[in-house]
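Down below is the structure, laid out as structure tokens.
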Protein chains: 2
Amino acid sequence: MGISERKERDKQELRQRIIDAAKDIFIEQGFEKASIRAIAERIEYSPATIYLHFKDKDELLHAIHEVGFLQLAVLKKDLTSIQDGFEQLTQRAKIYLQFAIDNPEMYGLMFIQDAPMEAIKKCKEEDEWNCGMEVFEGLVQNLLLCMKQGLIPETEVHVLAMTVWAYIHGIASLYIKGRFFMFESKGLDVHQMIEASFKVMLNLFKSK
Amino acid sequence: MGISERKERDKQELRQRIIDAAKDIFIEQGFEKASIRAIAERIEYSPATIYLHFKDKDELLHAIHEVGFLQLAVLKKDLTSIQDGFEQLTQRAKIYLQFAIDNPEMYGLMFIQDAPMEAIKKCKEEDEWNCGMEVFEGLVQNLLLCMKQGLIPETEVHVLAMTVWAYIHGIASLYIKGRFFMFESKGLDVHQMIEASFKVMLNLFKSK
DNA sequence: AAACTTACTAAACAGTGTTTAGTAAATAAA
DNA sequence: TTTATTTACTAAACACTGTTTAGTAAGTTT
């Protein structure tokens with residue numbers, strides 16, 4: 001009975017085509033322009049077809065945001081090979097920040113917008129936001145390595161990870177949401193300031 | 001010629017009524033529900049009338065976001081009377097964070113959403129986002145006080161302020177946008193973690 | 001050949017921001 | 001006082017949005 005299996009494959013393939021098309025429009029033209037109708041048109045199906053694969057737009061955006069985490073995972077994949085904990089932490093932060101700057105719409109979906117989390121809330125089986133957890137766990141492991149190497153003081157590692165994450169996310173989100181714009185109009189070099197802030201933050205973490 | 005002046009007053013009053021109604025709906029029912037039509041209905045005017053006072057929705061949201069900064073300013077007004085720089089910094093951060101938790105929609109408008117900044121970009125006279133600048137300047141002055149009192153090491157103060165702001169905003173925005181949700185579902189007390197992270201961050205800043 | 005299932009969509013519903021054309025009243029000019 | 005003009009306002013339309021419903025046409029099973 002290969003027929004029903006082929007049908008299932010076809011179904012999954014169409015689902016993937018929807019996600020890909022949605023992601024492309026989302027990346028190219030931004031959140032606003034990524035309408036169900038525009039996505040449907042790109043894959044040459046009717047808008048209603050999308051609802052055979054996704055409960056609502058939130059669920060589709062949730063699927064896209066997972067693609068974003070996959071993208072980020074690729075960028076992070078070589079991090080653990082960096083022996084020095086502190087150097088790894090520096091690179092980790094830089095990758096995260098660069099990802100946000102290079103993919104502001106996707107970063108927004110992953111860490112700022114309500115949509116993907118709404119989807120989690122709606123489906124009863126608690127997803128627990130595994131995507132975000134994975135990023136966080138990487139940071140936790142990194143910080144544990146730093147502690148093992150005596151580079152930073154022993155502290156409750158989850159709290160420490162939360163602190164580092166908050167800082168990096170703060171820089172990333174204020175930047176991509178235009179809140180450092182005031183510096184630019186005052187003639188200051190924002191990128192340079194971020195770089196300097198980065199160094200300040202890292203130095204603070206060094207155990208004396 | 002009191003007539004034209006009265007007319008001008010009436011005009012400004014209606015403008016203010018629009019802002020107030022918009023703010024109320026925005027606060028009560030969230031960003032999504034604050035439609036032009038809903039705002040118009042509340043003040044018993046037609047939707048088109050709103051466009052006689054505001055170029056577009058972004059401009060209206062920009063006006064609302066200024067009300068938010070006024071609200072925040074009230075909460076901050078007694079801060080400078082705190083003599084100890086470090087204590088003032090602590091209280092400043094707490095007020096900022098508490099404001100975000102108590103008024104998530106308004107905080108979103110002030111520091112996360114695109115709308116108000118779009119309005120700035122659209123009108124040619126560079127607004128420079130004075131609202132945000134004011135908050136930032138308060139932090140800068142606070143940090144200068146800390147340095148004067150030898151509580152923190154001498155560093156380029158704008159970079160330092162950016163660092164502190166990013167951290168606090170990071171905590172605030174990740175919290176209100178549900179990204180700490182994963183901790184909750186793991187049985188951790190998020191508020192306690194934030195409190196702990198707060199202490200970690202403040203201790204990092206203390207000069208040894 | 002008839003019954004059933006699947007995959008899909010046209011069209012509608014209820015909402016959105018925004019613009020246009022037009023009205024009715026208040027004011028200014030004749 | 002009558003006419004002209006400006007002002008304040010809105011009904012209705014336009015072009016969108018997410019989503020649902022009812023129906024069709026093809027494929028599969030009986």
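The sequence lines fix the lettering, A, B, ..., with proteins before strands; numbering per chain opens at 1.
Phosphate contact (OP1/OP2 of D/dT17, side-chain N/O of A/Ser35, threshold under 4.0 Å): present. Contact annotation: A/Tyr45 reaches the phosphate of C/dC8 (side-chain N/O to OP1 or OP2, under 4.0 Å).
At whole-Å resolution of the value, NZ in B/Lys11 and P in C/dA26 are 17 Å apart. Between A/Glu13 atom CD and C/dA7 atom P there is a gap of 14 Å when expressed in whole angstrom units. Atoms CD1 (B/Ile18) and C1' (D/dC9) sit 12 Å apart, rounded to a whole Å. Atom CG of B/Leu14 and atom P of D/dA8 are 10 Å apart (whole Å). To the nearest angstrom, P of C/dG17 lies 14 Å from CZ of B/Phe54. Straight-line distance from the NZ atom of B/Lys33 to the C1' atom of C/dA14: 11 Å, rounded to whole Å. Rounded to whole Å, atom P of D/dT7 lies 13 Å from atom CG of B/Leu52. One can place CG of B/Asp10 at 11 Å from C1' of D/dA8, the figure rounded to the nearest angstrom.
Residue B/Ala48 places its side chain closer to C/dT20 than to any other of C/dT20, C/dG17, C/dA10. In this structure, of C/dA10, C/dG17, C/dC8, it is C/dC8 that holds the atom nearest to the side chain of A/Thr49. Proximity note for A/Ile36 (side chain, C-beta onward) versus D/dG18, C/dT9, C/dG17: the nearest is D/dG18.
Looking at which nucleotide of DNA chain D each of A/Glu32 and B/His53 is closest to, the 5′-most match is held by B/His53. Comparing B/Ser46 and A/Lys57 by the nucleotide of DNA chain D that holds the closest heavy atom to each, the one mapping nearer the 5' end is B/Ser46.
The base of D/dG18 lies close enough to the side chain of A/Arg37 for a donor and an acceptor atom to sit less than 3.5 Å apart.
Checked options B/Leu97, B/Val135, B/Val164, B/Leu139; the residue passing with B/Arg92 is B/Leu139 (criterion: side chain to side chain contact (heavy atoms under 4.5 Å, CB included)).
Aromatic rings of A/His169 and A/Tyr107 (six-membered ring for Trp) have centroids within the 6.0 Å cut-off, being under it.
A donor atom on one side chain and an acceptor atom on the other are not found under 3.5 Å apart for B/Gln12 and B/Gln16. Between the side chains of A/Trp129 and A/His65, at least one donor N or O sits under 3.5 Å from an acceptor N or O.
Partners of B/Phe136 by ring-ring contact (aromatic ring centres under 6.0 Å, His included), not counting sequence neighbours, listed by chain and number: A/Phe183, B/Trp165.
Within 4.0 Å of A/Ile50, counting heavy atoms only, lies no atom of the nucleic acid at all.
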